[in-house]
There are 2 protein chains.
Amino acid sequence: MATIYEVSKLAGVSLATVSRVINNTAQVREATRVKVEAAMQELGYRPNSVAQSLASNRSNSIGILVSELSGPFYGELLARIEEEFRTVGKHVIIAAGHSDAELERESIEFLRSRNCDALILHVESVSDNYLRGLADGGCDFVLINRYVRAIADRCITLDNRQGGYLATHHMLELGHRDIAYVSGPMWKNDAKERYAGHLEALAEFGVAENKTLFFEGDFQETGGVRGLQHLLGTDVPFSALVCANDEMASGAITAAHDIPLDLPQQLSVIGFDNVNFAHYTYPKLTTVDYPIAEIGQMAARWVLKNVYHQPVKELQDVFEPRVIERDSTQKI
Amino acid sequence: MATIYEVSKLAGVSLATVSRVINNTAQVREATRVKVEAAMQELGYRPNSVAQSLASNRSNSIGILVSELSGPFYGELLARIEEEFRTVGKHVIIAAGHSDAELERESIEFLRSRNCDALILHVESVSDNYLRGLADGGCDFVLINRYVRAIADRCITLDNRQGGYLATHHMLELGHRDIAYVSGPMWKNDAKERYAGHLEALAEFGVAENKTLFFEGDFQETGGVRGLQHLLGTDVPFSALVCANDEMASGAITAAHDIPLDLPQQLSVIGFDNVNFAHYTYPKLTTVDYPIAEIGQMAARWVLKNVYHQPVKELQDVFEPRVIERDSTQKI
DNA sequence: TTGTATGCGTTATCAC
DNA sequence: GTGATAACGCATACAA
């Protein structure tokens, strides 16, 4: 790779001048600019962004940390973030934290050491305190899908409690009263919140919680399968099933077909997230929309505004879920 | 962030010695190593990998370029690659090429300018010539899902033709003779190859190709929907539908339910890729397995071996597809 | 075993 | 406008 030095030699100017035309950072006489550009062209010069980064303490790259790289949820998030940055010449460095506290910390340190200008974090295991410390340490980052009071201005969240409320509320409005619930891992905040919303809806309709109709799954498909099987095994009747995410709902639907159970006649099922395979299920899954792509976009804009100081349209920090009614739920 | 210089001062040794204990690149007396480590600990020192990269011309990072960040296919690929590298302390920088030639080139240049030690490319639009030039230019990269003769030793592929053959062969063996085909964009190599395999199987069974039973889709769900609707509209009867990927198969299944058509009694459907939502469909989708995760793993190992010169288990460069029989196909 | 000195490719602060 | 020149944080020959 040609260096800036070779370009300067070929163009008969100094390093500094070449740097100026590259970065458009000062006035350069038109004639010399042309000379330099010709030289760059001829040598096929591309700036070495590592050196740029070291010298300028700016990398034009943003670190993204998500729990998983696979799965419909994170894929959409990443895609939107990348898109948003690509259009303004920034780039993303991606790492996975796998819901493991140490790995999350390590990945954050890695991204910082890569001189990322900012971080977009979707972390579940690291403590609030750690995040507060990060912020105090002068690290620019936004937090997705998590609320930490001390750094509320960098949190972009979905109202999970409200989502849980809406899901169960939907069932209640359809006339269901015996409602089973398959939760995510209760140590995860979103799982807890969604469940809280569920209870709130039940309370509002004066329905008592039946603890035997609760199953703690793993946010995976198998969790839904095991969940439905377990619930059916309790012999406590129920006409509706609320699942804390779409993967588990799909698992439950699959398990129901295997029984077989007629859906939605014998059992109404609702999911959460509205991931892109939700309409592959049969019947098509009614679910609660999680506007993950928009959240990603908003996170990107937060960075554009607060770190790169670019003018951006208004920022939104809390998103509201809503029920997407399809075919897996019906009146009792 | 503390620098190596501050560490050396605190530990009372030179820069070089600190560097040595960091990289374990030469013998250091135990006592001084301890001193240095204590100093690093105390300062919370983390090496600046940008500076490391500039100085050593090695970044311990691998650039990955895929067509899309979303979708089950690439997600699994990325996840496996990241995992494989993470365990050996390497990191990935990810970019999306969006099947656009210019964007692909740009992304490759970006990754190179980031001083990536190697690239793993899944590109569809850039020319063979360009890739050959890249290789000649001394860029270390592996090519996934594409075969370029001149650089055959860096290609890791699935035998798409064989996969297409197997899919249709499966239908033929079940007794189907009127077989419709929904293809991917024919400018894409894998779409072309899969279709070639389809024709080969037909020929083997002495079945003439019926061009009215061919539809060129877009590898997306909607392509499958439109495909089935179009094919049904031709009024040429068919009992089996071969789709060039699972997304389109899912779309076709959805469309079939809407008709409604009984699956698989009235129509057998087979997909291709075996993405993770294939068993969410109803009936569960019979498909051709594309071991994308293994291919990702192999690409990572190629890099480990050829670029980092680490000992790795044997490398495999061409993978064989196989039919995964589930519930969406049956004997006629 | 440890220290010194130089270079990696840029940016940025001075002068001119 | 333009050109020296000092950082940036680290690796690495070469000395000691």
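Quick note: numbers below take in every heavy atom, side chains included, and nothing from hydrogens, waters or symmetry partners. Convention: sequence-line order gives letters A, B, ...; per-chain numbering from 1.
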J.: Not counting sequence neighbours, list each pair that qualifies as a side-chain hydrogen bond (donor to acceptor under 3.5 Å, both in side chains) and has a residue in residues 38-47 of chain B.
T.: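 Of all non-adjacent pairs touching residues 38-47 of chain B, none passes side-chain hydrogen bond (donor to acceptor under 3.5 Å, both in side chains).
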J.: Rounded to whole Å, how long is the line connecting atom CG of B:N57 with atom C1' of C:dT6?
T.: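 These atoms are roughly 16 Å apart.
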J.: Among all residues two or more places apart in sequence or in another chain, which pass the salt bridge (Lys or Arg N to Asp or Glu O under 4.0 Å) test with B:R154?
T.: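 Salt bridge (Lys or Arg N to Asp or Glu O under 4.0 Å) list for B:R154, sorted by chain: empty.
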J.: Among all residues two or more places apart in sequence or in another chain, which pass the side-chain hydrogen bond (donor to acceptor under 3.5 Å, both in side chains) test with B:E82?
T.: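 Residues passing side-chain hydrogen bond (donor to acceptor under 3.5 Å, both in side chains) with B:E82: B:R86.
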J.: For the ring pair B:Y290 and B:F73, is the centre-to-centre distance below 6.0 Å?
T.: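 Centroid separation for B:Y290 and B:F73: below 6.0 Å.
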J.: Contact class for B:S49 vs. all strands (heavy atom < 4.0 Å): base, sugar-phosphate, or nothing?
T.: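 Touches nothing.
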J.: Classify A:T32 by what it touches in the nucleic acid, base, sugar-phosphate, or nothing, heavy-atom distance under 4.0 Å.
T.: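 Sugar-phosphate contact only - A:T32 comes under 4.0 Å of backbone atoms but never of a base.
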J.: Can you name the residues that form a ring pair (Phe, Tyr, Trp, His ring centres under 6.0 Å) with B:F219, not counting sequence neighbours?
T.: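 If we apply the ring pair (Phe, Tyr, Trp, His ring centres under 6.0 Å) test to B:F219, skipping adjacent residues, there are no hits.
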J.: With sequence neighbours excluded, give me every salt bridge (Lys or Arg N to Asp or Glu O under 4.0 Å) pair touching residues 53-71 of chain B.
T.: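 Output for this query lists B:R58-B:D117.
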J.: Going by the rule side-chain hydrogen bond (donor to acceptor under 3.5 Å, both in side chains), which residues pair with B:S107 if we only count those two or more places apart in sequence or in a different chain?
T.: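 B:S107 satisfies side-chain hydrogen bond (donor to acceptor under 3.5 Å, both in side chains) with no residue once adjacent residues are dropped.
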J.: With the sugar-phosphate defined as primed atoms, P, OP1 and OP2, and the base as all remaining atoms, what B/S/- string results for nucleotides 7-16 of chain C, 5' to 3', for protein heavy atoms under 4.0 Å?
T.: BBBBSB----
J.: Please name all residues satisfying side-chain hydrogen bond (donor to acceptor under 3.5 Å, both in side chains) with B:S49, sequence neighbours left out, ordered by chain then number.
T.: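 Counting only residues at least two positions away or on another chain, B:S49 forms a side-chain hydrogen bond (donor to acceptor under 3.5 Å, both in side chains) with A:S113.
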J.: Enter the inter-axis angle for the ends of the helix from C:dT1-D:dA16 to C:dC16-D:dG1 (five pairs per end, rounded to 10°).
T.: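 The angle separating the two end axes equals 40°.
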J.: Between which nucleotides of DNA chain D, read 5' to 3', does contact with chain B run, using atoms under 4.0 Å from its heavy atoms?
T.: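 From 5' to 3', the first and last contacting nucleotides are D:dG9 to D:dA13.
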J.: Hey, could you give me each pair passing salt bridge (Lys or Arg N to Asp or Glu O under 4.0 Å) that has a residue in residues 130-152 of chain A? Not counting sequence neighbours.
T.: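 Sorted pair list: A:D128-A:R146.
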J.: List for me each residue that meets side-chain hydrogen bond (donor to acceptor under 3.5 Å, both in side chains) alongside A:D190, sequence neighbours excluded, and say none if there are none.
T.: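 None.
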